[in-house]
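Heads up: the structure comes next, in structure tokens.
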2 protein chains.
Amino acid sequence: MATTLHDVAQVAGVSFKTVSNVINDHPNVRPTTRARVQAAIAELGYRPNLTARSLRSGHSGAITLAVPQLRLPYFAELADAVISAAEAHGLVVLIEQTSGGRDRELEVLKSPRLKMSDGLIFSPLGLGEEDAALVTAEVPIVLLGERIFSSSCDHVTMQNIEGARAATEHLLDIGRKRIAVVGAHEGEVIGSAGLRLKGYREALEARGVPYDDSLVAYMGEWHRANGALAMHELLERGVEFDAVFGFNDTLAQGAMRVLQEAGRRIPDDIAVIGFDDLDETRYSLPTLSTVDPGRTEIAETAIKVLMERIKTPDGPAPREIETTFSVVARESTLGTAP
Amino acid sequence: MATTLHDVAQVAGVSFKTVSNVINDHPNVRPTTRARVQAAIAELGYRPNLTARSLRSGHSGAITLAVPQLRLPYFAELADAVISAAEAHGLVVLIEQTSGGRDRELEVLKSPRLKMSDGLIFSPLGLGEEDAALVTAEVPIVLLGERIFSSSCDHVTMQNIEGARAATEHLLDIGRKRIAVVGAHEGEVIGSAGLRLKGYREALEARGVPYDDSLVAYMGEWHRANGALAMHELLERGVEFDAVFGFNDTLAQGAMRVLQEAGRRIPDDIAVIGFDDLDETRYSLPTLSTVDPGRTEIAETAIKVLMERIKTPDGPAPREIETTFSVVARESTLGTAP
DNA sequence: TTGAAAGCGCTAACAC
DNA sequence: GTGTTAGCGCTTTCAA
């Protein structure tokens, strides 16, 4: 059996409450008593039972992170950032994978095991704006992503429109006029695809470049295969273009691959930019220009906001927070260094 | 306040123990009573408090997975597989990132919060064989990876030697004789690098191909940048070779990139194979041949063994389990399909 | 400054 | 079949 407060108290010759006081750094403990208790703790190798503490105190020191899948690099890097940010505050992270399915996402919200943690950082993919009212749970929630904006949760999101506008402007700045888009979603207004398309159009309009729908590749999921497929189609249709804006890095890499197979030089013939600033964009050939959406900032902000909400559930009204972004220009738009 | 067993019992007009019986599917409950209780549960929206259950029953339904970093694709895919396997058994997964540092790895083993879970799946990087005795905790451990073989924990590992031998044989089979190695660790015997080098040498020897140390690139960490660097050096040294075995996919991709920049055709001039079968190997240009080390099997086996050990801590002697592997031949060794 | 008592919500023995 | 009793190990409240 593991040693308990009682065992420590017995060895130290004090009441078990005093031991508790020492462990929790309560002020009213005489130094000599404290020392005696600490010696006993060390002697017995005592470790507090966090489950019991959690039951009594009502909070566990754990939070849940719900993401579609860790095998998708974007979510792996997000999870990494969230775990690091949580760790810095002494929190552990429990991960639920939802596959991005609506039912599974709802299930996670309702699951009793969510209550094993003090709060939820939730990155939905299946749920949409119409489900906003369903995004509630027995713990505070911080919402991530672009699927739902009208919920009653705190929401941390990247600047999709502005980021996409900046990416497009970057392509215009290097003299490109016919910019193909890979990753649009038919009819979507909000959601990453809708917002990024909006940013793209805004940039064109601001520079007086006409919008041409034949340059826009619509598709379902943002898998690399779809990026490749879309680029195949664009090439086959014989559409002329001198740049590609992939709505995420994965799509951009799929597109790059097809362009290279087709003998197009990047960026000489076609410049390519992505979105997300995945680690791997630093290592592709050529390295991929992209938009850094502020992932670390997203993670740290989410943790901060969640902790505040856990502390004061009836605190300020739900906040809508946008992180800062930046365009990262690499070889796929600038060419190789001389 | 959340509703408790008592509230449900009161509404249903039974004792709270009966409610507990219903929830835990105990047999001795009359159907009518059961129905009444279930109605009360539904009416009140009762959800069991898992923390209390956990305190009382001594197990939490959570396990901990400790890995270096999720931003490394190998560990992201491993974590994905472990979470999915755990989910299938009704377990949640708590993730600790260690950065692969020895101190942090020891800290995780000793941390009281490990006890919030029922067991640990541990993939160390900083700890080594000499630390085997330190790999103990207050919960059962299943060890992953190639750092420690002599601990007293169950150990699930891939067939490194055999996999590397098979990869090398694949290169020999397609007629390559001078196979460069990227990722060796100076003086290492066990550990992924040591084992894979052994497999490489065994394959050469079996075919009567002389081993040439000038073909072997030694390095520190297996980052893509190091793969690129190693390949630069090999090219600069003017060593002749017609194939490259990257000790993981990341190294192989770094190497591929440098080869392509140098104008070498893959696989016509140089064939390339990696190790790990990361998702992204399907999408590189060319697609990367690699060794599938059986990641899903590793995850499922680890969960299965851990659950057994949780159930019967003094069960069978610690097991050493190897998963099945396979060589996945893609364009980087076979060339493009006609 | 320290101690005693109560109880978080649940499960496991055992009695009825 | 159902209820009673006793804690799991801890924090909290209040008294000494």
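It should be emphasised that the depicted structure is a prediction, and the values quoted were computed from it without experimental measurement.
Every residue two or more places apart in sequence or in another chain that forms a ring-ring contact (aromatic ring centres under 6.0 Å, His included) with H6(A) is listed here: F16(A).
At a cut-off of 3.5 Å, with distance as the only test, no side-chain donor of E320(B) or T157(B) sits close to an acceptor on the other residue. There is no side-chain donor-acceptor pair under 3.5 Å between S192(B) and N160(B). A donor and an acceptor atom, one from each side chain of T324(B) and E297(B), are located under 3.5 Å apart.
Across the protein-nucleic acid pair, L5(A) atom CG and dA4(C) atom C1' stand 15 Å apart, rounded to whole Å. Distance, N21(A) CG to dA4(C) P: 13 Å, rounded to whole Å. Distance, K115(A) NZ to dC8(C) P: 14 Å, rounded to whole Å. If you take CD of E138(A) and P of dG9(C), they are 12 Å apart, rounded to a whole angstrom. Rounded to whole Å, the distance from CD1 on I23(B) to C1' on dT2(D) is 15 Å.
For S20(A) and dT11(D), the shortest distance from a side-chain N or O to OP1 or OP2 is below 4.0 Å. An OP1 or OP2 oxygen of dG3(C) is reached within less than 4.0 angstrom by a side-chain nitrogen or oxygen of S15(A).
With DNA chain D read from its 5' end, the first of the two nearest nucleotides for H6(A) and T18(B) is the one closest to T18(B). DNA chain D is contacted by both R30(B) and N24(A); R30(B) maps to the nucleotide lying nearer its 5′ end (nearest heavy atom per residue). If you find the closest nucleotide of DNA chain C to R36(A) and to F16(A), the one lying nearer the 5' end belongs to R36(A).
With a 6.0 Å radius and a threshold of 12 heavy atoms from other residues, nucleotides or ligands, E221(A) has its CD atom at or below the threshold. For NZ of K110(A), the number of neighbouring non-hydrogen atoms (other residues, nucleotides, ligands) closer than 6.0 Å is greater than 12.
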Show me the protein contacts with nucleotides 13-16 of chain D, counting only N or O atoms at under 3.5 Å.
none

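Among L127(B), L65(B), L144(B), I148(B), the one residue that satisfies the side-chain contact (heavy atoms from CB on, under 4.5 Å) test with F122(B) is L127(B).
Contact check on E308(B) versus R319(B) returns a salt bridge, with a Lys/Arg side-chain nitrogen under 4.0 Å from an Asp/Glu carboxylate oxygen.
Side chains of F149(B) and I190(B) form a contact here, defined as non-hydrogen atoms less than 4.5 Å apart.
Contacts with DNA chain D (heavy atom under 4.0 Å) in residues 39-62 of chain A: Y46(A), P48(A), N49(A), A52(A), R53(A), R56(A), listed by number.
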